[in-house]
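Report on one structure; see the data block that follows.
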Amino acid sequence: MRISLGYELEVRGRTREIEQRAFQNVIDQVVLGDELGYDTAWFVEHHFTRGFSHCSAPDLILAAIAARTSRIHLGLGVVLLPFQSPIRTAERVATLDVISGGRVEFGTGRGASPLEYQAFQRPFEQSRKIWEDSLEAVLAIWNADGEPISRSNEFFEIPDVSVYPRPAQVPHPPVWVASTSLEGYLAAARNGHHLLGMTMLKGIDDVAADIARYKECLAEHGHDPATRRIALMIPWFVAPTREQAIEYAADPVLWYIRRQVNLVTPPDYYDARHATHKVLGQLAAGLPPDESMATLREHLMVVVDDVEGSRKAVARLAEAGATDLILQAQVGGLAHERVRDSIRLFMGEVMGGGR
């Protein structure tokens, strides 16, 4: 099981000072993770999500991290491909790969916010098609290895140009697809891409069933499931005792969960892709705090526990088919030093000092 760190970059407060401190804190935590042996630092891309995520330029944050670290991989989790030209995506990701010495993990996705599509003037109902065409174009640019390439599309144009720089990794960084739906899992499998998922909407049992179908679909399309990685991102806080963990983290985790669920499944938005996701995550988030936390912990949507409880949760994830665990250690305004303590405790005792 590879262990990584994942960040939405929440800002729980309105002042510029709180916002700026949040950025410095997460960079400091990743530097610590680099020293402790964490595999990758993943940063999301969101827009217009005040408080919940101020991470609108993850490649710039990861560039700053690249300058202060030596081994941890740099995860774009994910680049929202429909909102910019594939040329710019290919250039910026390749640049990050070059300056980091080939440490980029390229996560892709189409986004889940109708507001983002409105602001960037893209039709939400065509999001999957735009994403698929954009990903094909980015990979074609990298596979062209600096030779001219052409693509014509309703939403972008590549007019027989050579795109530089080329990634340090040959032919390009590993490709991951993020999804919360079975439909998205199967789209990743058909193309042989690694998978980025989460448990907070469906719970571990339903996610495990989706992972099984992802593996079956990989094999059906000629891809070896044993060579594909499956990462699950989960809010996670570990403390010396379960009581301490709940005391320190319950409020920040619930603050985060309620905002995440409403972002991924807008309250008034229903269609075939989103309706099934409303069942467990939103119900749990809407319960009274004690009941909500109990439900979230039971279904492994969050882990707030001691060392032994965390070990059991890691084992349960492995049984579900995950190869990678992405700890969301900094959520909902958790105190920076407590997050650092949790990061140390997890790698030192839950994982016994390393991967």
Side-chain angles (χ1 to χ4, degrees), residues 1-7 30 33-34 36-44 71-79 102-109 169 172-236 238 299-303 305 309-329 343 346-347 349-355:
M1 179 78 73
R2 296 179 179 90
I3 309 299
S4 297
L5 297 170
Y7 293 94
V30 174
D34 183 53
L36 294 173
Y38 283 84
D39 188 83
T40 303
W42 291 94
F43 281 79
V44 307
R71 47 152 302 281
I72 196 167
H73 285 213
L74 310 173
L76 291 156
V78 299
V79 179
R103 288 189 276 154
V104 168
E105 303 284 334
F106 177 52
T108 77
Q169 299 177 78
H172 52 70
V175 179
W176 298 72
V177 171
S179 182
T180 58
S181 70
L182 177 58
E183 179 186 2
Y185 280 32
L186 299 182
R190 286 191 291 270
N191 292 288
H193 298 318
H194 304 298
L195 183 64
L196 288 168
M198 60 175 64
T199 59
M200 72 177 62
L201 298 179
K202 293 184 171 184
I204 189 61
D205 292 339
D206 283 352
V207 169
D210 289 352
I211 289 173
R213 281 290 297 118
Y214 165 77
K215 291 181 175 180
E216 290 172 0
C217 189
L218 281 170
E220 289 165 2
H221 287 80
H223 308 294
D224 182 2
T227 64
R228 272 33 180 207
R229 292 165 63 182
I230 301 162
L232 295 178
M233 189 159 81
I234 304 175
W236 202 301
V238 57
H299 295 281
L300 222 62
M301 296 159 137
V302 305
V303 177
D305 218 323
S310 290
R311 287 174 179 158
K312 291 177 181 177
V314 171
R316 195 173 171 193
L317 289 169
E319 290 171 2
T323 64
D324 292 62
L325 166 60
I326 304 173
L327 300 184
Q328 287 181 269
I343 289 171
F346 188 94
M347 193 57 81
E349 296 194 26
V350 176
M351 299 305 295
R355 289 167 284 163

Closest heavy-atom pair and its distance - Gly77, Leu196: CA-CD1, 4.4 Å
Distance col, row Met351:CE vs Ser310:OG, nearest 0.5 angstrom, shows 11.0 Å
Partners passing side chain to side chain contact (heavy atoms under 4.5 Å, CB included) against His223 (at least two apart in sequence or in another chain): Leu218, His221, Arg228
Nearest 0.5 Å, what's the CG-CG distance between Leu5 and Leu325? 9.5 Å
If I take atom OG1 from residue Thr40 and atom CD1 from residue Ile3, how far apart are they, to the nearest 0.5 angstrom? 11.0 Å
Closest heavy-atom pair, Ala188 versus His194, reported as atoms and distance to 0.1 Å, is CB-O, 4.5 Å
Please confirm whether the backbone N or O of Val177 pairs with a side-chain atom of Thr108, one donor and one acceptor, at under 3.5 Å? no
Let me confirm one number: the CD-OG distance from Gln328 to Ser4, rounded to the nearest 0.5 Å. 12.0 Å
Using the side-chain contact (heavy atoms from CB on, under 4.5 Å) definition, which of the options Leu195, Leu300, Thr199 pairs with Leu232? Thr199
Go through the side-chain N and O atoms of Trp176 and Glu105 and say whether any donor and acceptor fall under 3.5 Å apart. yes
Using atom types as modelled and distance alone, determine if a side-chain donor or acceptor of Asp224 lies under 3.5 Å from a backbone N or O of Ala226. yes
From CA spacing to verdict: side-chain contact (heavy atoms from CB on, under 4.5 Å), Val350, Trp236: CA-CA 12 Å; Val350 176; Trp236 202 301; 5.6 Å; no
Where do Ile343 and Tyr38 come nearest, in terms of heavy atoms and distance? O-OH, 2.7 Å
Output for pair (Asp206 CG, Leu182 CG), nearest 0.5 Å, gives 10.5 Å
Among His299, Met233, Met301, the one residue meeting side-chain contact (heavy atoms from CB on, under 4.5 Å) with Met200: Met301
Within a strict 4.5 Å, meaning less than it, do heavy atoms of the Phe346 and Val314 side chains meet? yes
Considering only heavy atoms from C-beta outward, does the side chain of Ile230 approach that of Tyr185 to under 4.5 Å? no
Residues Arg316 and Glu319 bridged, charged N to O under 4.0 Å: no
Among all residues two or more places apart in sequence or in another chain, which pass the salt bridge (Lys or Arg N to Asp or Glu O under 4.0 Å) test with Arg229? Asp39, Asp324
Provide the closest heavy-atom pair for Asp210 versus Lys202 in the form atom of the first, atom of the second, distance. OD2-NZ, 2.6 Å
Using the salt bridge (Lys or Arg N to Asp or Glu O under 4.0 Å) criterion, which residues pair with Asp34? Sequence neighbours excluded. Arg71
Closest contact, heavy atoms only, Gly184 versus Ser179: CA-OG, 3.1 Å
In plain terms, say whether Lys312 and Asp305 are close enough for a salt bridge, that is, a side-chain N and a carboxylate O under 4.0 Å apart. no
CD1/Ile204 to CG/Leu317 distance, rounded to the nearest 0.5 angstrom? 5.0 Å
